[in-house]
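The structure appears below as structure tokens.
For ligands, and for the atoms within them, numbers begin at 1 and follow the listed sequence. Hydrogens, waters and symmetry mates play no part in the numbers below; they use all other heavy atoms, side chains included.
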Amino acid sequence: MESNALSYVVQTILLTVTLLLFRKLVKLNFWKQFDIPFVEAPLPVIGDPLLFLKTPHIASLRLYKQFPTERFYGRYNLRKPTLVVRDPALVESVTIKDFSHMNNRNIGLDPDNNKLSKHLVNYRDEKWRALRNKLTPTFSSGKLKGMQPQLIKCAESLVKFLSNLKQGEVIDMKEISGRFAVDVVSSCAFGLDLDIINHPEENKFYEVGIKVFQPSYFLKYFTLLQQYLAPLFKKLRVRAVDKKLEEFFIDAIDKTVKYREENKVNRQDFLQLLYDLKKKDDELLKKGEPKPLDDGVFDHTTLVSNAFIFLGAGYETTATTLGFLFYELAKQPSLQDKIYREVMTVLGKHGGNLTFDAVGELNYLDQVVAETLRMYPPLAVMDRQIDKDYQIPGTNIVLPAGVLVFIPVYGLQHDPQYFPEPDKFIPERFDPALNSVVKGSYVPFGSGPRMCIAARFATLEIKICVAMVMKHFKVATTPRTEIPIEFEHRTFVVTQKNGVWLSVEKRNE
Ligand code: HEM
């Protein structure tokens, strides 16, 4: 009898614990405690897989349109409670004013995952701040000016490639823009002059470079899953980059550094600036000077990791933007003529040279680039993670650390309230004289201290490329051009699935 009673008690306890665990796993109750609208997680155990399942721009639109009259609302990203911010003023608050409550993104690997992962995207908190402070001067006007000749050289290779095309030949401008983007990064961050644009087939760097970042379900799901299973991934030592690729990139940098050391080369590029940072820290360490942060030392791994992330963050984003830009220009030839006239006028004032100052005077082209990034922001959803209790401005709601914040960039930038006729490509809406852009509604490079560190470099690169192409050529749609364009599903970047197939015709100069 006694043992029966004991067994009954044990069974009851086990059942209760199982039910409690099951309830915790199955039911997500976080948002119930707050008086705000929220979306229930649709799936037991998994939660809400919206970002896993949808093409990035569709996911962003869904996030944005869920509660059209609210400034913000709650939902889950898989099982993580997530605040969706719809109001541009609140976008400004979370990314700028209240940055100290959320200075990290949710994405990002363990910086010790491999020998290429000690970089800005993966760093958090103080380590990120220290590294960002070191790298920021790398993108100053003076440094960008120093890199201008290399950008021009890459654009000249592109012009050469286009000049050699057969009459009426149809090419994928997304792929060609990709070659240009890798050429730029390999030149500026790896110190290599490769001319991938004209010789892609002979080029290991191109082959390997695009392989790492090629859209694939593996990359997409790996990136997402590691956010949730980071400790497990760490324990199992799951690598984000194949060992051979890691060795390839490190070797490429080491060879250039050795060559520069031996031949006393001092070229103005990112690699040189990263190398100078390392040298400075090496000397301090030699002198045994105390360091504010031991992990903040700019060592060999930090150098190669940051060159690598310039490729990771700079290749697909730039290639995609150029692909969409040429696509829109091909659909509206009158815009090409306007750019051409502007380029010729500005060149006339600068002795025919596309100098740094000349590029700065291409104001209409600025508007074209801005409109491309409005219609097709490469990052459709920007995210932050709350690290310190956060009171949502204008409310009594205090969210605890761990809650994610999503900003549906694509959704915001397609809201007719802020951008009338959002599906039309109208560069003039960015005319500074109109002063019509609502702060916080247009954030293709992100916002606040954690925004894209290379925004000015990327804009310069894109403007030089388009100005040089438009000076010599016109682009046109062909029966092979996909209109409307289909978007890639297997990636987080808003990009074309099947390329941008256009014909290129020489201008009568
Ligand atoms: C059209 C081109 C580009 C676009 C639209 C773009 C956009 C972005 C966005 C949206 C972010 C996140 C910002 C945030 O969370 O607030 C970001 C971060 C970043 N981008 Fe870019 N990017 C571009 C080109 C580049 C290039 C060319 C490089 C490198 C040379 C680069 C390097 C980075 C880095 C290192 C970060 C992380 C910054 C940090 O965490 O402190 N990006 N970018």
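- In this structure, atom 35 (C) of ligand 1 lies nearest to the protein heavy atom Ile453 CG2, 3.8 Å.
- By the 3.5 Å distance cut-off applied to N or O atoms, Glu461 is not counted among the residues near ligand 1.
- When only interatomic distances are considered, the shortest N/O to N/O separation between Thr321 and ligand 1 does not fall below 3.5 Å.
- Nearest heavy-atom pair, Ala155 versus Phe180, reported as atom, atom and distance to 0.1 Å: N-CE1, 3.6 Å.
- In this structure, Tyr206 and Arg179 approach most closely via the heavy-atom pair OH-CG, 3.4 Å.
- Taking only non-hydrogen atoms, the option from Phe445, Tyr315, Tyr123 nearest to atom 3 (C) of ligand 1 is Phe445.
- Taking a cut-off of under 4.0 Å to the non-hydrogen atoms of Ala458, the atoms of ligand 1 that pass are 2 (C), 24 (C).
- Residue contacts with ligand 1 leave out His119, since none of its heavy atoms falls under 4.0 Å from the ligand.
- Ligand 1 places these atoms under 4.0 Å from at least one heavy atom of Gly446: 10 (C), 13 (C), 14 (C), 16 (O).
- Of all atoms in ligand 1, numbered sequentially from 1 with element shown, those under 4.0 Å from a heavy atom of Met382 are 14 (C), 15 (O), 16 (O).
- Under a cut-off of 6.0 angstrom, the local environment of NZ in Lys143 is sparse, with at most 12 non-hydrogen atoms contributed by other residues, nucleotides or ligands.
- For the residue pair Gln272 and Arg260, a side-chain donor N or O sits within less than 3.5 Å of a side-chain acceptor on the partner.
- Every atom of ligand 1 with a heavy atom of Ser447 under 4.0 Å away is listed here by number and element: 16 (O).
- In this structure, the protein non-hydrogen atom closest to atom 23 (C) of ligand 1 is Thr317 OG1, 3.5 Å.
- Residue-level proximity to ligand 1 for Ala313 is carried by backbone and side chain together, each with a heavy atom below 4.0 angstrom.
- Shown in contact with Val121 at under 4.0 Å from a heavy atom are these atoms of ligand 1, numbered in order with element: 37 (C).
- For the residue pair Tyr327 / Gln496, no side-chain donor-acceptor distance below 3.5 Å is found, with atom types taken as modelled.
- Looking at Asp172, its side chain does come within 3.5 Å of a backbone N or O of Val500 through a donor-acceptor pair.
- Between Gln413 and Tyr418, the side chains place no donor N or O within less than 3.5 Å of an acceptor N or O (distance only, hydrogens not considered).
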| Going through the distances and angles, do Asp251 and Lys255 end up as a salt bridge (charged side-chain N to carboxylate O under 4.0 Å, His left out)? | CA-CA 6 Å; Asp251 187 51; Lys255 276 190 184 135; 2.9 Å; yes

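- Only the side chain of Arg132 comes within 4.0 Å of ligand 1, judged by heavy-atom distances.
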| message | I'd like to know whether Phe308 forms a ring-ring contact (aromatic ring centres under 6.0 Å, His included) with Phe190, so could you lay out the CA-CA distance, the side-chain angles of the two residues, the decisive distance to 0.1 Å, and finally the verdict. | response | CA-CA 8 Å; Phe308 178 71; Phe190 289 79; 7.7 Å; no

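- Counting only non-hydrogen atoms, the option in Cys452, Pro444, Pro377 that gets closest to atom 42 (N) of ligand 1 is Cys452.
- With respect to atom 16 (O) of ligand 1, the closest heavy atom belonging to the protein is Arg384 NH2, 2.8 Å.
- Inclusion of Arg105 in the set of residues having an N or O under 3.5 Å from an N or O of ligand 1 is warranted.
- Less than 4.0 angstrom separates some heavy atom of Trp128 from each of these atoms of ligand 1: 39 (C), 40 (O), 41 (O).
- In terms of heavy atoms, Arg429 sits closest to Val437 at O-CG2, 4.4 Å.
- Screening Lys174, His57, Glu488 for a side-chain hydrogen bond (donor to acceptor under 3.5 Å, both in side chains) involving Thr495 leaves a single residue, Lys174.
- Between Asp383 and ligand 1, no N or O atom pair is found at a separation short of 3.5 Å.
- Interface of Met451 with ligand 1, defined as ligand atoms under 4.0 Å from a residue heavy atom, comprises 13 (C), 14 (C), 16 (O).
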